[in-house]
Amino acid sequence: MNMRISEIKSQLEAADWDGLEQVMESFRLDKRAGVQKLLVQFEKKKAAYEAELERLEAMRQFEETYKESPYICGIDEVGRGPLCGPVVACAVILPKDARILYLNDSKQLSEKKREALYDEIMEKAAAVGIGVVSPEDIDELNILQATFKAMRIAIESLEVKPTLLLNDAVTIPGVNIKQVNIIKGDAKSISIAAASIVAKVTRDRMMVEYDKIFPQYGFARNKGYGTKEHIEALRKYGSCPIHRKTFITHFV
């Protein structure tokens, strides 16, 4: 007796990627239109999965080049452009065999996907360090020096000492560890991509909390960036304690 199509679908969904082809093969001779449609759907899913593995393999190019280095650390930051809030940097050391699907530049991912990847990175990483530098320090130091400070804090807070830093387009002063400066590194290195995601989610969560304290600026939506809503609120209400004074001189 033929198995119900709903049961076939359940078997296909339950199969892991390595075993999916074998499960699909067992239903090839079932000529029912519903079964053949399911097989086409799962063929597409399998092809997309294999394409993702290839993309991730390409993003391991720098990790592969420097594979002799025991602890490769990706560094990235978020928050250089907003009118308010901190700049946040993250340092991530992934295990050599880490496989985290869909790692990418955080700007290329939806909020839902970033949140899911954040949890997976935090679970699988060998070490994660976070550096946060306040709006007051940004005003005092300037944004570039504040960013470097956040990166140094992130590195120093790692529980595992890195032997190599992969940086997104910067060389960090005051760090006595070999550094590799990679232009658009968050799209070319899994380590930097992981750091970009953790930094982005960390800062976004902070801005959502600030929104509860200063709801008039829409921080939960704009994350402190200079949107029309934010600028109009600045002109109407003036600045709040987390605004960067050197960033808002044109608006208040």
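FYI, the numbering just counts along the sequence from 1. Heavy-atom basis, side chains included; hydrogens, waters and symmetry copies ignored.
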Side-chain (Arg152) to main-chain (Val175) donor-acceptor, under 3.5 angstrom:
no
- Message: Check the orientation of Tyr49 and Trp17. Use parallel for under 30°, tilted for 30 to 60°, and perpendicular for over 60°.
- Response: parallel
**Report entry** Cationic N near anionic O, under 4.0 Å, Arg205 to Glu115
**Finding:** yes
Distance col, row Arg114:CZ vs Asn104:CG, nearest 0.5 angstrom, shows 11.5 Å
So CD1 of Ile138 and CD1 of Ile242: to nearest 0.5 Å the spacing works out to 10.5 Å
Could you tell me whether the side chain of Asp105 and the main chain of Ala187 form a donor-acceptor pair under 3.5 Å? no
Which of Val170, Thr147, Asn167 passes side-chain contact (heavy atoms from CB on, under 4.5 Å) with Glu77? It is Thr147
Check: So, does Gln179 use its side chain to make a donor-acceptor pair with the main chain of Ile172 at under 3.5 Å?
Finding: yes
For this session: Run the salt-bridge test on Lys124 and Glu120 with the 4.0 Å N-O cut-off and return the result as yes or no.
Result: yes
Lys/Arg N to Asp/Glu carboxylate O, Arg55 vs Glu52, below 4.0 Å: yes
Exercise. Among the clusters formed by ILVMFWY side chains lying less than 4.5 Å apart, do Tyr71 and Ile155 turn up in the same one?
Worked result: no
query = Under a single-linkage definition using a 4.5 Å side-chain heavy-atom cutoff for Ile, Leu, Val, Met, Phe, Trp and Tyr, are Met122 and Val160 assigned to the same hydrophobic cluster?
reply = no
Heavy-atom closest pair (Met59 atom, Ala193 atom, distance to 0.1 Å) is CE-CB, 3.7 Å
All heavy atoms of Asp30 vs all of Gln36, minimum pair found to be O-NE2, 2.6 Å
query = Are Glu64 and Lys67 within salt-bridge range, i.e. N to O under 4.0 Å?
reply = yes
Does Lys212 come within less than 4.0 Å of Glu209, counting only side-chain N to carboxylate O? yes
From the list Ile190, Ile182, Ile192, side-chain contact (heavy atoms from CB on, under 4.5 Å) with Phe62 holds only for Ile182
All heavy atoms of Ser239 vs all of Lys245, minimum pair found to be OG-NZ, 3.3 Å
Rounded to the nearest 0.5 angstrom, the NZ-CD1 distance for Lys96 and Ile93 is 10.0 Å
In this structure, OG of Ser189 is separated from CD1 of Ile75 (nearest 0.5 Å) by 10.5 Å
Phe214 vs Tyr217 aromatic rings, parallel, tilted or perpendicular, using cut-offs 30° and 60°? perpendicular
Item to check | Pair Arg28 + Glu43, salt bridge at N-O below 4.0 Å | outcome: yes
**Asked** Salt bridge between Asp186 and Lys107, side-chain N to carboxylate O under 4.0 Å?
**Response** yes
| query | Is there a path from Val132 to Val92 through hydrophobic residues (I, L, V, M, F, W, Y) whose side chains come within less than 4.5 Å of each other? | reply | yes
For Gly79 and Arg203, the nearest pair of non-hydrogen atoms, with its separation, is CA-NE, 3.7 Å
- Without hydrogens or angle criteria, can the side chains of Thr246 and Asp139 be said to hold a donor-acceptor pair below 3.5 Å? yes
Exercise for the section: Would you confirm whether Glu7, through its side chain, and Arg4, through its main-chain N or O, come within 3.5 Å as a donor-acceptor pair? Expected result: yes
| message | Check whether Ser196 reaches the backbone of Asp76 with its side chain - one donor and one acceptor, N or O, closer than 3.5 Å. | response | no
- Looking only at atom types and distance, does a side-chain atom of Ser69 sit under 3.5 Å from a main-chain N or O of Ile72, one as donor and one as acceptor? no
Rounding to 0.5 Å, atoms SG (Cys240) and CZ (Phe219) come to a distance of 4.0 Å
task = Output yes when a side-chain donor or acceptor of Asn222 lies under 3.5 Å from a complementary backbone atom of Gly218, and no otherwise.
result = yes
What one should report as the nearest heavy-atom pair of Leu144 and Arg80 is CD1-NH2, 3.5 Å
(request) Tell me whether Val128 is reachable from Tyr118 by hopping between hydrophobic residues (I, L, V, M, F, W, Y) whose side-chain heavy atoms are closer than 4.5 Å. (result) yes
In short, Gly131 meets Ile153 closest at the heavy-atom pair CA-CG2, 3.7 Å
Should Met151 and Val87 be regarded as members of a common hydrophobic cluster, given that ILVMFWY residues are connected when their side-chain heavy atoms come within less than 4.5 Å of each other, either directly or indirectly? no
